[in-house]
Amino acid sequence: MAPTATRALIAVATVVPLIGLSLGPAGGIANPAGHSATLVAMAIAWLVHRRLPESPVAPALAWSSSAVSVSLVNDVLAASWYTDDPLPLAGVSRHLWVGLWPINLAGVFALLLVFPDGGRRGRYWSALPVMYALALAVMVFSGWDQRQPGGQVVGDQSSLQSMAGLVAVVLLAACLISAVASVLQRYRSGDERRALQFRWLVLAGATAVVLLMGGWLAEAFGASLDAAYTPFLLAIVLLVPASVGVAMVRHDLFDVDKFLSSGGSWLLTLVVSAVVFGVVVTTISRSLGESAGLGPAAAAFVTALVLLPLHRFSVVLVGRIVDRDRHVAVAQVEQFATDVRSGLQQPESIERVLRQAQGDPDLELVLWHPDGRWVRLSGETVDAPDDGIRVEVGGDTIAVVNLGWQSARARGRIADLTRAAWVTIEVSRLRTVLREALDEVGESRSRLADAAAGERRRLERDLHDGAQQRIVATGMRLRILQRHLGGTAEAELETAVAELEQTVRELREIAHGVRPVRLSDGLSAALETVRDASPVPVTLSVSEPMGLDETRRLTAYLVVSEAVTNALKHATATTIEVTVADQDGRVAIAVRDNGIGGVPELGPTALRDRVLSVGGQLTVHSPLHVGTTVRALL
Amino acid sequence: MSRGLRIVIAEDSLLFREGLVRLLSELGHETVAAVGDALTLRVAVGDNQPDLAIVDIRMPPDQDTDGARAAAAIKADHPAVGVLLLSQHIELRHCLALIGRPGFGYLLKDRVLHLADFDDALCRVAGGGVALDPEVVQALTRSRPAHDLALTPREREVLALVAEGQSNTAISSVLNLSERTVEAHMRSIFPKLGLVDDGTTHRRVSAVITYLESRPGPAR
C-alpha cells in the first residue's frame, strides 16, 4: 500500500479513541480506560508505520484496537438519543446500536489477513473483505431500530431481520475461519523469519487464552467480573498489538521460541502437579476419613516425587509442539553424536550437521589448537574469531561457532546444539590436531629420508672423485718412478702400487655400500649386484616405475638388499625370489625365500623404518618352515 | 708401443690429469691437448684430430655423465678418433650405444697402473679395436642365462675376453690354453653368433657386439 494511504488509515483510527475520551465517563468508567489502552495500541501502530511505511499491518493493527473504540463511541451516542440532551449524530447511531457489533472484530480480521507481509492475491482472498462488509451491513439491517440499554436488547424484530441476523453470523464465521486458515497456511509454508513473526502472535494469543482461563477460574472462586476479566481484556487490547509490533519491527528481540516452550512447559507442569496434588488429597481423605494432616503431607510427597520427571516430560512435549524446529534440530545433532559413537559417522562431519540443523549454510566451526592458533576442521589456520558462540569444556574454550545469520534466536539455538555436540566437537578437534601432528612427522621424516639419500650420494662421490682419484694419481707417479729406478726399489714400488690398487678396490666397495653407482643405471642394474653377491641363487624380476625419484629408488634398493641379507643370515634359505613391480607409479617389492620362517609380523625394525621413511607400507608373512615373504610398497 | 699416439686428455682433476700426461709421455705418446671439461674437449678434438681421446666420465659442467655424452658426440662427429672412457666406477647409462663399437673403450681408472695393459688398450682403441674393462663385460653379461646362444661356458669365457679386447695370444695365457685351442673356440663361436668367418679384426668386433647386444638390456 502507498505510505500516504496507510498513514491516513492510522490517522483516522487514532482520532476515534480521542473522540471517545472527549465524551468523558459517559457510558461507564470502563470506557475512558478502554480508549486510553487503544491510544497505546495507536502508538505501536505509528511505530510500525514509521519502520515499515508501506506495510498494511500498521493500519490493520491500529484498527484492531480502534474498532473497539468505534463500538464504544457508538454505544454512548446511541444511548444519548433517548436522553434529554442527545449528542450529535445520535440519530444515526441509535439505529446501529445492536447491529454494529461485528465491527469489533473487523481490525483483527484485517490483521489476520495481512500479517506479517501483506494480503494474499487471488479472487477468493480479495473477496473476503467485501464479504465481511456485507456481513456487517446485513447485521446492521437485522438490528435496525432495536436498542440495548444496559446490554439488554429491546425492540421488535421482523422475521426477515431474524433471518438476516442468521445469514450475517454465517458470513462472519466463514470470513473469520478463512482468515485463520490463511494464517495457518502461511505459517506452514513460510520461511524462518515469517514463522518467527507468527510465533510472536502465538505468544500473545496463547497468553490471552491462559488469562481467559484464569478469568474463568477466578469467576468460579467468586471474584467480581471486572477483576476476573480485566487482565484478559488488557491482554487483547495491549499485548496483541505489542506482540504484533515486536514481530514486525524486531522479531528477533529475544528467543521467542525458547520463551514459549519453557513458559508452556512450566505451565503444564504446574497444572498437572496441582491436579496430582488434588487427586491425592481427595483420595486419601475419602479412604481414611478426615485424619489430620496426612492427606496434604502425602500429596506433597507424591507431587514432589513426580515434579522433576513431569517437568522433563512436559519440556519435551511442549518443545515438540511449540518449538518444533529446535526440538528436531537438537534431536538431529544428538542422533549424529550417537552415530559417531557407534562408528557410523566421522566426527569431522560435525560442521555439516550443525549447518544443517541450524539452517545456516555459512556457519563455521573454528577449533582451538593447543599451540595457540585457531584452525578449521581441514587444519587450515584462520584468524582469531572476535565473536561467535564459544564451546567450552571445563571452563576452557575448545571451539567457536561463527554464525552466518545472527539473531537472538540463532544464538540460543546454536548454544543448544553445541551443548548436544560438544563431545563430537572435542573429538574432531583432537583428531584434527593429531592428524596435523602426524602429517608433520611424516613430512619431516620424508625430508630426513631425502637428506639421508642426498648425503649418501655426496659421500659416494667424495669417495670416488676425491680419495680414489688421489690414490690412483699417486699410483701413476709411483709407476713412472718405478720405470726410472729399477733394482730393489722397483720390487718395493710394485708392492706399493699393488697396495694402492687394493685400497682403491676397498674404497670402491665402501662407496658401493653407501650408494651403489649402478643405481644411476636403474634399479635393475643395481639389484644385479645384489644377486651376484649372494651365495644362494636369487631370481630377479624388476620393472621400475617411470620417473622414480632418487630417495625411493635408493630405499627400494636398500630394502631388497636388507631383505636378501636377512634371508641369507637367518632363514637358511636355498632360493630367494625378488620381484620389483610398478604398481600405479609406486614400487611394489616382494622378497620371498624358502627358509625356516617365523619372522615377527612387524618385520625387522631397521627395514620397517626404512620403508616408513618414504611413507611406504611393509608387510611380513612368515609361516614356520614355509619361508618368509617380505612385501613393501613405496 | 708400436708407435707414439697423438692424444687429447679430458679430466677435471688436475692431479690425475698431470699424472696421466706424464704417464703417457713415459709410454711414448704425445698429449696434444689436456682439458678439464666436456665442452672444451669437443673443441680440442675438432682442432687437433688426434688418434685418441681419453675422457673422464664425470666432468664439469654437470659433474654427472658429461664425459660419456661428449664421447658419443665425438664418435658421431669424428668416427676415426678413438675414444677411451675412464671412470672410478661402472656407470653405463649414456655409453651403452658405444660399447662394442670399433674405436671405443671403457676402463676403470686404476687400470692405468698396469702400464703394459693400459698401453695395449690405448693402441687397440686408437686402431679401431675395443677395450672393455672386465667389470664392464661382467656387468653387461651378468643377467644372461648360461644356455643363451648355445655357447659353452668355456666359449663364453673366451668371448668375454674378446669383448675386453684381448688378442688370441693374451686369451690363451689368461685361460691357460694353447693358442690353437683358443682359435678353435673362436671358430666354433662365430657360426653360433651367425657370423661369417671373413678373417678380419672386424669379425671379432662383430662377435662382441652380437654377444653384448643379445643380453636382455639393462634399465635405461
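Proteins get letters first, then strands, A, B, ... in listed order; numbering begins at 1 in each.
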**Request:** Inspect the contact between Glu460(A) and Arg58(B) and indicate whether a charged nitrogen and a carboxylate oxygen are less than 4.0 angstrom apart.
**Result:**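 Yes, Arg58(B) and Glu460(A) are salt-bridged.
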Counting heavy atoms not belonging to [X], are there more than 12 under 6.0 Å from its [atom1]?
| X | atom1 | answer |
| --- | --- | --- |
| His625(A) | NE2 | no |
| Glu499(A) | CD | no |
| His78(B) | NE2 | yes |
| Arg22(B) | CZ | no |
| Arg470(A) | CZ | no |
| Glu492(A) | CD | no |
| Arg631(A) | CZ | no |

**Asked** Do the non-hydrogen side-chain atoms of His114(B) and Val497(A) ever get within less than 4.5 Å of each other?
**Response**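 They are not in side-chain contact.
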**Prompt:** How about Arg483(A) and Glu26(B): do any of their side-chain heavy atoms sit closer than 4.5 Å?
**Reply:**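 A side-chain contact under 4.5 Å exists here.
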**Message:** Show, in sequence, the C-alpha distance, side-chain angles and deciding distance for Gln468(A) and Asp110(B), and conclude whether the side chain to side chain contact (heavy atoms under 4.5 Å, CB included) test is met.
**Reply:** CA-CA 9 Å; Gln468(A) 249 176 282; Asp110(B) 40 332; 5.9 Å; no
**Prompt:** For the atom pair CG (Leu113(B)) and CD (Glu494(A)), what is the distance rounded to the nearest 0.5 Å?
**Reply:**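 With rounding to 0.5 Å, CG (Leu113(B)) is 10.0 Å from CD (Glu494(A)).
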**Interatomic distance, Leu463(A) atom CG to His89(B) atom NE2 [nearest 0.5 angstrom]** =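 Reported to 0.5 Å precision, the distance equals 11.0 Å.
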**Asked** Just checking heavy atoms, which of residues 473-480 of chain A are less than 4.5 Å from chain B?
**Response**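 The residues closer than 4.5 Å to chain B, in numerical order, are Ala473(A), Gly475(A), Met476(A), Arg477(A), Arg479(A), Ile480(A).
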**Request:** Sort His512(A) into side chain, backbone, both or neither according to what part of it lies under 4.5 angstrom from a heavy atom of chain B.
**Result:**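 Interface part for His512(A): neither.
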**Prompt:** Any side-chain donor paired with an acceptor under 3.5 Å for Lys109(B) and Gln469(A)?
**Reply:**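 Gln469(A) and Lys109(B) do have a side-chain donor-acceptor pair below 3.5 Å.
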**Message:** Let's test your reading of the structure: which of Leu519(A), Leu540(A), Asp465(A) forms the most heavy-atom pairs below 4.5 Å with chain B?
**Reply:**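 Looking at each option in turn, the highest pair count goes to Asp465(A).
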